[in-house]
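Presented below is the structure to which this report refers.
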Amino acid sequence: QVQLVESGGGLVQPGGSLRLSCAASGSIFSINAMGWYRQAPGKQRELVAVIQSDGSTIYADSVKGRFTISRDNAKNTVYLQMNSLEPEDTAVYYCNEEIKTGLFRNYRDYWGQGTQVTVSS
């Protein structure tokens, strides 16, 4: 069994910063891509950022230059550093990891429980 546990959400003023973390635990053989998604009220879940196993990254246009995704493979953890936060960034943030639980198993997606980020004065 694999679990993803997120932390770091909260309330912040516009222009402020937050750092989200997502740690995977359980029967992990290897992890491929790790990413963050968000869902605002009344909207569909959208990609925020993804980091591949080779370290390459993809960002949504709306967060480029403000957010940075990183990973610590030794800790099975992905981070999202969010700077210059705007009210439009308010959403529930979910981590996603592609995890293989055995040598002969396929990668499958696992999701965190979500953490609320609220940007408001």
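Residue numbers run from 1 in the order of the sequence given. Not measured: the values here are computed from a predicted model.
Thr57 contributes atom OG1, which lies 9.5 Å from atom NZ of Lys64 (distance to the nearest 0.5 angstrom). Separation of atoms OG (Ser30) and CD (Glu98) is listed at 10.0 Å; rounding is to 0.5 Å. Atom OG of Ser120 is separated from atom CG of Asp89 by 12.5 Å, given to the nearest 0.5 angstrom. For the atom pair CG of Asn96 and CG of Leu4, the computed distance is 8.0 Å after rounding to the nearest 0.5 Å. Annotation: the span from Tyr110 atom OH to Ile28 atom CD1 amounts to 9.0 Å, rounded to 0.5 Å.
Residue-environment remark: CD (Gln3) stays at or below the threshold of 12 foreign heavy atoms within 6.0 Å.
No chain of hydrophobic side-chain contacts below 4.5 Å, direct or via other Ile, Leu, Val, Met, Phe, Trp or Tyr residues, connects Tyr94 to Ile31. Val117 and Tyr37 are assigned to two separate hydrophobic clusters, defined by single-linkage of ILVMFWY side chains at heavy-atom distances under 4.5 Å. Under a hydrophobic-cluster definition in which Ile, Leu, Val, Met, Phe, Trp and Tyr are linked whenever side-chain heavy atoms come within less than 4.5 Å, directly or via other members, Met34 and Val92 are assigned to different clusters. Linking ILVMFWY residues whenever their side-chain heavy atoms come closer than 4.5 Å, directly or via other members, leaves Val50 and Ile99 in distinct clusters.
Asn32 approaches Ser53 most closely through the heavy-atom pair OD1-OG, 3.4 Å. Taking all atoms of both residues into account, the shortest heavy-atom contact from Ser84 to Ser17 is N-OG, 4.4 Å. Ala91 and Gln116 get closest at one heavy-atom pair: O-NE2, 3.4 Å.
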Query raised in the report: When you look at Val119 and Gln13, which way does the side chain to side chain contact (heavy atoms under 4.5 Å, CB included) test go after all the steps?
Result: CA-CA 5 Å; Val119 185; Gln13 292 186 341; over 6 Å; no
**Report entry** Audit row: Tyr59, Arg66, side chain to side chain contact (heavy atoms under 4.5 Å, CB included) steps and yes/no
**Finding:** CA-CA 10 Å; Tyr59 293 93; Arg66 300 188 298 121; over 6 Å; no
Report task. Take Ser62 and Glu88, measure what side chain to side chain contact (heavy atoms under 4.5 Å, CB included) needs, and give me the verdict at the end. Result -> CA-CA 9 Å; Ser62 60; Glu88 293 73 23; over 6 Å; no
Report task. Start with the C-alpha gap between Trp36 and Val63, add the side-chain angles, then the distance that decides, and say whether side chain to side chain contact (heavy atoms under 4.5 Å, CB included) holds. Result -> CA-CA 12 Å; Trp36 290 94; Val63 307; over 6 Å; no
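A donor and an acceptor atom, one from each side chain of Asn106 and Arg108, are nowhere located under 3.5 Å apart.
Under the 3.5 Å distance criterion, the side-chain polar atoms of Glu6 are matched with a main-chain donor or acceptor of Cys95. The closest donor-acceptor contact from the side chain of Arg38 to the backbone of Thr90 lies at 3.5 Å or more, if one exists at all.
Cation-pi geometry between Arg105 and Phe29 is not met: the NZ or CZ atom fails to fall both under 6.0 Å from the ring centre and inside 45° of the normal.
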Show the atom names and distances, to 0.1 Å, of all donor-acceptor pairs under 3.5 Å that link a side chain in residues 74-82 to residues at least two apart or in another chain.
unit_1 : atom_1 : unit_2 : atom_2 : d
Thr77  : OG1    : Lys75  : O      : 2.8
Gln81  : NE2    : Asn83  : OD1    : 2.9

